[in-house]
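In what follows, residues are counted from 1 in the order of the sequence shown. Both counts, for ligands and for their atoms, begin at 1 and track the order of listing.
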Amino acid sequence: MELKDYIRDIPNFPKEGIIFKDITPLLKDKEAFRYTIEEMSKYIKDDIRYIIGPESRGFIFGPAVAFNVNKGFIPIRKKGKLPYKTISKTYSLEYGEATLEMHIDAIEKGDKVVIIDDVLATGGTMKAIIEMIESQGAIVDKVIVLIELLFLNPRELLKGYDIVSLIQY
Ligand code: AMP
């Protein structure tokens with residue numbers, strides 16, 4: 001399965017100079033989508049307690065993998081969306097800035113988790129999520145993404161973490 005065949009480049013979206021990786025062709029192809037979820041699932045060990053995914057596109061892959069490997073899913077949401085008490089983190093994106101939140105009781109000390117998202121660009125989003133998780137005493141076993149943008153060098157920001165990407169550009 002050549003997953004790159006299902007990723008569409010959209011130049012200058014959402015801003016001039018950004019080449020947006022559109023994953024919707026992959027999602028609508030049942031074989032490509034299934035293959036993606038099965039590949040991501042291979043990296044989830046038995047001792048993982050939760051799959052964690054950020055809004056918005058982490059909500060596409062994270063829960064599908066969690067279901068497939070019989071784990072729970074924890075959402076990371078944009079500011080103001082979660083109803084209970086939260087911890088939050090503000091960080092910079094490839095384009096702009098954002099604040100993410102997680103419920104304060106979502107994970108417990110010692111929980112081993114895997115974070116799943118669509119695109120690893122600068123790594124800023126992932127770093128913010130990792131900091132939130134670690135502030136709760138939980139352990140990030142692995143980061144899994146569909147696409148890694150090597151030219152933005154996200155691994156530099158995420159040194160020491162185990163990162164799996166299915167496609168690299
Ligand atoms: P970053 O924090 O820079 O690693 O950005 C990661 C988040 O922004 C991911 O959750 C992506 O959904 C989105 N993103 C950043 N750059 C792109 C891109 N070139 N194409 C598609 N999505 C992107």
Indicate yes or no for a side-chain donor-acceptor contact from [X] to the backbone of [Y] under 3.5 Å, with no hydrogens or angles considered.
X: Lys81; Y: Glu55; result: no
X: Asp111; Y: Glu108; result: yes
X: Glu148; Y: Ala121; result: no

Region of Thr122 engaging ligand 1 - heavy atom pairs below 4.0 Å: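 Within the 4.0 Å criterion, Thr122 contacts ligand 1 through backbone and side-chain atoms alike.
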Need the ligand 1 atom indices (1-based, order shown) with element for anything under 4.0 Å from a heavy-atom of [X].
X: Leu149; result: 19 (N)
X: Thr125; result: 1 (P), 2 (O), 5 (O), 6 (C), 7 (C)
X: Arg57; result: 11 (C), 12 (O), 13 (C), 22 (N)
X: Asp117; result: 9 (C), 10 (O)

Any Gly123 heavy atom less than 4.0 Å to ligand 1: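 Yes, that is the case, since the closest heavy atom of the residue is under 4.0 Å from the ligand.
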N-O pairing of Glu101 and Lys89 below 4.0 Å: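 A salt bridge is absent here (no side-chain N lies under 4.0 Å from a carboxylate O).
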Distance-only N or O hit between ligand 1 and Lys21, under 3.5 Å: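 Checking ligand 1 against Lys21, an N or O pair does fall under 3.5 Å apart.
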Phe20-ligand 1 polar pair, N/O distance under 3.5 Å: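 Between Phe20 and ligand 1 (N or O atoms, distance only) the closest approach is not under 3.5 Å.
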Polar side chain donor-acceptor pair, Ser41 to Glu38, under 3.5 angstrom: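 Per modelled atom types, Ser41 and Glu38 side chains form no pair under 3.5 Å.
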The one among Asp118, Ile129, Ile19 that brings a heavy atom closest to atom 11 (C) of ligand 1: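 It is Asp118 whose heavy atom sits nearest to atom 11 (C) of ligand 1.
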Ile51 side chain reached by Val113 side chain, heavy atoms, under 4.5 Å: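 Heavy-atom side-chain distance check fails, nothing below 4.5 Å.
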NZ (Lys21) with more than 12 external heavy atoms under 6.0 Å: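 Yes.
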